[in-house]
There are 2 protein chains.
Amino acid sequence: MNDRLYKCLSNTNRRKILYCIGEEEKCVNEIAECLDLEQSLTSHHLKDMLDCALIEKRREGKRIYYKVSASEILEILEKGKELGDKLEERC
Amino acid sequence: MNDRLYKCLSNTNRRKILYCIGEEEKCVNEIAECLDLEQSLTSHHLKDMLDCALIEKRREGKRIYYKVSASEILEILEKGKELGDKLEERC
DNA sequence: CACTTGTATAAACGATCATTCATATGAATA
DNA sequence: TATTCATATGAATGATCGTTTATACAAGTG
């Protein structure tokens with residue numbers, strides 16, 4: 001599971017999606033537009049993250065809303081950002 | 001850089017190596033033996049992690065000692081472990 | 001010097017990944 | 001019911017990854 005977790009986080013688009021739906025839920029098209037990604041690519045990434053429970057979904061009519069499933073996920077992203085900055089100085 | 005960071009963490013063998021040299025430095029053969037990995041595979045992984053500064057090296061005679069470069073790395077691993085456990089219950 | 005020990009590197013391979021394109025499904029609406 | 005809107009899925013493709021094998025290199029030792 002840890003492999004899958006970090007693999008999910010290792011893609012820039014997926015991390016952007018997580019930030020995008022970290023505070024408030026959004027439907028697929030909103031996410032896609034917000035990040036300037038193809039709808040199908042967005043769906044693929046959402047599926048990956050849903051599969052390892054990083055996000056949750058909720059249907060409302062024909063739209064499906066996604067949001068980050070736990071605050072710890074954003075915390076790790078934050079820590080990763082800080083660490084990344086720190087490591088960047090060295091290489 | 002964040003891509004590279006999480007990519008490094010996304011492999012079980014690399015994470016094992018990080019734990020292995022998290023507390024005390026070890027030379028390549030010690031790491032390889034400790035984790036039951038081929039020497040060349042160990043070297044490859046070490047190079048990957050050295051390239052993004054997750055680890056540091058120090059030569060002593062013909063041996064080269066490696067250790068984790070910052071405590072935040074182990075902290076992220078810890079957080080990742082906890083998060084992984086939490087997510088696992090859900091999928 | 002030749003030899004050994006410890007480590008790095010390069011080539012090769014199948015496996016997985018990220019993305020795109022085309023198409024299918026599902027829900028609402030005319 | 002036919003159409004449209006929102007999303008999901010499958011196939012295809014090039015790119016990257018993880019591992020193994022063989023070999024090179026670097027430092028110490030006889």
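Computed from a predicted model, the values in this text were never measured in an experiment. Proteins come first, then strands; the chains are lettered A, B, ... in the order of their sequence lines, and each starts at number 1.
Contacts of residues 30-37 of chain A with DNA chain D (heavy atom under 4.0 Å): none.
Heavy-atom contacts from other residues, nucleotides or ligands closer than 6.0 Å to CD of B:Glu23 number 12 or fewer. Counting non-hydrogen atoms of other residues, nucleotides and ligands closer than 6.0 Å to CD of A:Glu33 gives a total of 12 or fewer.
Looking only at distances, a side-chain donor or acceptor of A:Arg59 sits under 3.5 Å from a matching main-chain atom of A:Gly61.
For the pair A:Arg4 and A:Asp48, the salt-bridge criterion is not met [side-chain N within less than 4.0 Å of a carboxylate O].
Looking at residues two or more places apart in sequence or on another chain, you find no side chain to side chain donor-acceptor pair (under 3.5 Å) involving B:Lys67.
In this structure, A:Tyr66 reaches the sugar-phosphate backbone alone: every heavy-atom distance under 4.0 Å involves primed, P, OP1 or OP2 atoms, never a base.
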Between N or O atoms, less than 3.5 Å apart, protein on one side and nucleotides 15-21 of chain D on the other: list the pairs.
{"from": "D:dG18", "atom 1": "OP1", "to": "B:Arg14", "atom 2": "NH2", "distance (Å)": "2.9"}
{"from": "D:dG18", "atom 1": "OP2", "to": "B:Arg14", "atom 2": "NH1", "distance (Å)": "3.0"}
{"from": "D:dG18", "atom 1": "OP2", "to": "B:Arg14", "atom 2": "NH2", "distance (Å)": "3.3"}
{"from": "D:dT19", "atom 1": "OP1", "to": "B:Asn13", "atom 2": "ND2", "distance (Å)": "3.1"}
{"from": "D:dT19", "atom 1": "OP2", "to": "B:Asn13", "atom 2": "ND2", "distance (Å)": "3.3"}
{"from": "D:dT19", "atom 1": "OP2", "to": "B:His45", "atom 2": "NE2", "distance (Å)": "2.8"}
{"from": "D:dT20", "atom 1": "O4", "to": "B:His44", "atom 2": "NE2", "distance (Å)": "3.2"}
{"from": "D:dT21", "atom 1": "O4", "to": "B:Ser40", "atom 2": "OG", "distance (Å)": "3.1"}

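In this structure, A:Lys62 atom NZ and D:dT4 atom C1' are separated by 6 Å, rounded to whole Å.
Inter-axis angle, ends of the helix from C:dC1-D:dG30 to C:dA30-D:dT1, five pairs per end, rounded to 10 degrees: 0°.
Within the structure, salt bridge (charged side-chain N to carboxylate O under 4.0 Å, His left out) contacts touching residues 81-91 of chain A (residues at least two apart or in different chains) are A:Lys86-B:Glu72.
Of the listed residues (B:Ile55, B:Leu5, B:Asn11), just one forms a side-chain contact (heavy atoms from CB on, under 4.5 Å) with B:Met49, and that residue is B:Ile55.
In the 5' to 3' direction, nucleotides of DNA chain C lying under 4.0 Å from heavy atoms of chain A begin and end at C:dC17 to C:dA28.
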